[in-house]
K.L.:
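Okay, handing you the structure first.
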Amino acid sequence: MAKQTIREIDLKGRKVLIRVDFNVPLKKDGAVADDRRIKAALPTLNHALAAGASLILVSHLGRPTGDAATDAPFKMDRVAERLQAVLGRPVKKVNDTVGAEARAACSSLRPGDVVVLENVRFNPGEKKGDPTFAAQLAGLADAYVNDAFGTCHRDEASMVAVPERFERSRRAIGFLVEKELKILDALLGKPKKPMIALMGGAKVSDKILVIENLLPRVDHLLIGGAMTYTFLKAQGHATGKSRVEADRLDEARKLLEKAGDKLVLPIDHLTAQTLDATARTEVVSGNEIPEGWIGIDIGPATAEDYAARIAAAGTVVWNGPMGKFEDEPFRHGTERIAQAMTRSNAITVVGGGETAEAVEQFGLADKMAHVSTGGGAFLESLEGKTFNSLKVIPDL
Ligand code: ADP
Ligand code: 3PG
Ligand code: MG
């Protein structure tokens, strides 16, 4: 369902509270490690500025616990600095969210001004969806825009209770959320065939609901990553020291039965003696992992088979690295898949925290049709879930 967008709401002379997802990865020294999410909000921010609005930007960063010392790295200062650099105009960071400093900064806003409030999760009311906190936050602005796709699966105050405080004509989604929803609609609606889903990553338990929802929609669902070994174990193969979720074997067996030949498992494996980057490695053909060895990446024959299927596809959706790509010796399966996607004429969509990180690391993100800014939000969308944060935005 199409939602009211920032195009449809009146912005001239208004203070617009824009909920963004600036929950970016940080380096050890606190610097922003990856500004993809900040850049992804720019179309919305620039549109609102050009329309004569002033901006009050609200985001969470990390998962603060309420302890001032351990929460300090989650202050928004470095994020605001990076925003100022990419936006190319002054950005004022204030040190609270709804306190005196925030109220003062917001009351004096002029068209074109940009304020970044302090980490919204520093307020206990945010996680709880507290109505008093929501009223205080909403009271700072004249209109509300949700451009925080990565947070849409959360029912926190700034996502649900805050927009509810505004008249319906003053609530909208931004261009990033609009784009992410369009892509998901295409994937789950009438995708260009053949459609292939690639699922990998750490745990099958994280992805079972996604696999179940995608199976009826895809021609093939290709498995890689550590979850492979739960499936192989369920089929009765030897899995050595590979990561297996012993409590998910029944579920894996049922899924395999239901999927039939739609679900495709690797045909060879890169195995290692330990998870360490310096470990001895061997390629194992077939599906018996020798005792003492860990399946750590898809093997070269699997990578070529998957690459050929990707080349012939109309649509490819990918979540979950094919191996422990963070270490050079184990990254080749994941890199081959990423490369095959960029060479394919298919509509290529990548989502998930580590998967997006992998394609970014390979320098291939710009060559995909779309790399989602969502981790959990992307996965839950693929599960077919709908979000309260979007229900409160009027349909078009
Ligand atoms: P995403 O965040 O993209 O949804 P996941 O969180 O499910 O992906 O999984 C990513 C992690 O899975 C990566 O950090 C990667 O190192 C790990 N991984 C993938 N394959 C293996 C494997 N065979 N053995 C151990 N870890 C693996
Ligand atoms: C994310 O990075 O997935 C979002 O910003 C949500 O963060 P959260 O998992 O801490 O709620
Ligand atoms: Mg992850």
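Numbering of ligands and ligand atoms starts at 1, following listing order.
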K.L.:
So is R121 close enough to ligand 2, meaning a heavy atom under 4.0 angstrom away?
P.N.:
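Heavy atoms of R121 do come under 4.0 Å of ligand 2.
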K.L.:
So which protein heavy atom does atom 7 (O) of ligand 2 come closest to, and at what separation?
P.N.:
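Looking at atom 7 (O) of ligand 2, the protein heavy atom closest to it is H60 NE2, 3.2 Å.
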K.L.:
Taking only heavy atoms of G353 into account, list the atoms of ligand 1 that are under 4.0 Å away from them.
P.N.:
1 (P), 2 (O), 3 (O)
K.L.:
Looking at R63, which atoms of ligand 2 are within less than 4.0 Å of one of its heavy atoms?
P.N.:
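By the 4.0 Å cutoff, the relevant atoms are 8 (P), 9 (O), 10 (O).
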K.L.:
If we ignore angles and hydrogens, is there a donor and acceptor under 3.5 Å between the side chains of N319 and K207?
P.N.:
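Present: a donor and an acceptor within the cut-off.
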K.L.:
For ligand 2, which part of R37 has a heavy atom less than 4.0 Å away: the side chain, the backbone, both, or neither?
P.N.:
side chain
K.L.:
Go through ligand 2 atom by atom and flag the ones less than 4.0 Å from a non-hydrogen atom of N23.
P.N.:
1 (C), 2 (O), 4 (C), 5 (O), 7 (O)
K.L.:
Out of M322, E354, E357, whose heavy atom is nearest to atom 2 (O) of ligand 1?
P.N.:
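Residue with the shortest heavy-atom distance to the ligand atom: E354.
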K.L.:
What is the minimum heavy-atom distance between Q4 and I393, and which atoms define it?
P.N.:
O-CG2, 3.7 Å
K.L.:
Under 4.0 Å from ligand 1, counting heavy atoms only, is it the side chain of I296, its backbone, both or neither?
P.N.:
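Only the backbone of I296 comes within reach of ligand 1.
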K.L.:
Angle between ring planes, F175 versus H47, binned at 30° and 60°: parallel, tilted or perpendicular?
P.N.:
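Because their plane-to-plane angle is over 60°, the rings of F175 and H47 count as perpendicular.
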K.L.:
Quick one: which ligand 2 atoms are inside 4.0 Å of a heavy atom on R154?
P.N.:
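Those qualifying, in numeric order: 8 (P), 9 (O), 11 (O).
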K.L.:
Below 3.5 angstrom, do we get any N/O pair linking N319 and ligand 1?
P.N.:
yes
K.L.:
Ligand 1 versus R243, non-hydrogen atoms closer than 4.0 Å: side chain, backbone, both, neither?
P.N.:
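Neither; nothing of R243 gets under 4.0 Å from ligand 1.
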K.L.:
Just need the protein heavy atom nearest to atom 23 (N) of ligand 1, so name the residue and atom and give the distance.
P.N.:
G295 O, 3.0 Å
K.L.:
Looking at the Mg ion (ligand 3), which N/O/S atom of E354 is the nearest one?
P.N.:
OE1
K.L.:
When you measure from the side chain of D305 to the backbone of I267, do you find a donor-acceptor pair of N or O atoms at a distance under 3.5 Å?
P.N.:
no
K.L.:
Considering heavy atoms of the protein only, find what lies nearest to atom 8 (O) of ligand 1 and give residue, atom and distance to 0.1 Å.
P.N.:
P321 CD, 3.6 Å
K.L.:
Tell me: protein heavy atom nearest atom 4 (C) of ligand 2, and distance?
P.N.:
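I find the closest protein heavy atom is G150 O, 3.3 Å.
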K.L.:
Run down the list L61, D21, V24 and name the one with the heavy atom closest to atom 5 (O) of ligand 2.
P.N.:
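Result: the heavy atom closest to atom 5 (O) of ligand 2 is in D21.
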K.L.:
Just checking, is any N or O donor in the side chain of S285 or D268 under 3.5 Å from an acceptor N or O on the other one?
P.N.:
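No, because no side-chain N or O of S285 sits under 3.5 Å from a partner of the opposite role on D268.
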K.L.:
Tell me which one of A202, A226, G323, G225 gets a heavy atom nearest to atom 24 (N) of ligand 1.
P.N.:
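Going through A202, A226, G323, G225 one by one, A226 has the nearest heavy atom to atom 24 (N) of ligand 1.
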K.L.:
Applying the 4.5 Å side-chain criterion to the ILVMFWY set and letting contacts propagate, would F22 and V371 be lumped into a single cluster?
P.N.:
no
K.L.:
Please say whether E156 places an N or O atom under 3.5 Å from an N or O atom belonging to ligand 2.
P.N.:
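Such a contact does not occur with ligand 2.
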K.L.:
Give the C-alpha distance, both sets of side-chain angles, the deciding distance and a yes or no for side-chain contact (heavy atoms from CB on, under 4.5 Å) between E167 and R171.
P.N.:
CA-CA 7 Å; E167 279 171 32; R171 309 175 195 170; over 6 Å; no
K.L.:
Name the closest protein heavy atom to atom 13 (C) of ligand 1, giving the residue it belongs to and the distance to 0.1 Å.
P.N.:
E326 OE2, 3.3 Å
K.L.:
Determine whether a donor-acceptor pair (N or O, by modelled atom type, separation under 3.5 Å) exists between the side chain of E304 and the backbone of A301.
P.N.:
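Looks like no, no N/O pair under 3.5 Å.
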K.L.:
Would a line drawn from the ring center of Y229 to the ring center of H269 be shorter than 6.0 Å?
P.N.:
yes
K.L.:
Where is the nearest protein heavy atom to atom 3 (O) of ligand 1: which residue, which atom, and how far?
P.N.:
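Among all protein heavy atoms, the one nearest atom 3 (O) of ligand 1 is T355 OG1, 2.4 Å.
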K.L.:
Could you tell me whether ligand 1 has any atom less than 4.0 Å away from a heavy atom of G375?
P.N.:
no
K.L.:
Any N or O of K207 that comes nearer than 3.5 Å to an N or O of ligand 1?
P.N.:
yes
K.L.:
Can a donor-acceptor pair be found, under 3.5 Å and without considering hydrogens, that links the side chain of D219 to the backbone of M195?
P.N.:
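Confirmed, D219 side chain pairs with M195 backbone.
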K.L.:
Could you go step by step and tell me if E360 and R36 meet the salt bridge (Lys or Arg N to Asp or Glu O under 4.0 Å) rule?
P.N.:
CA-CA 9 Å; E360 195 73 45; R36 218 165 50 89; 3.6 Å; yes
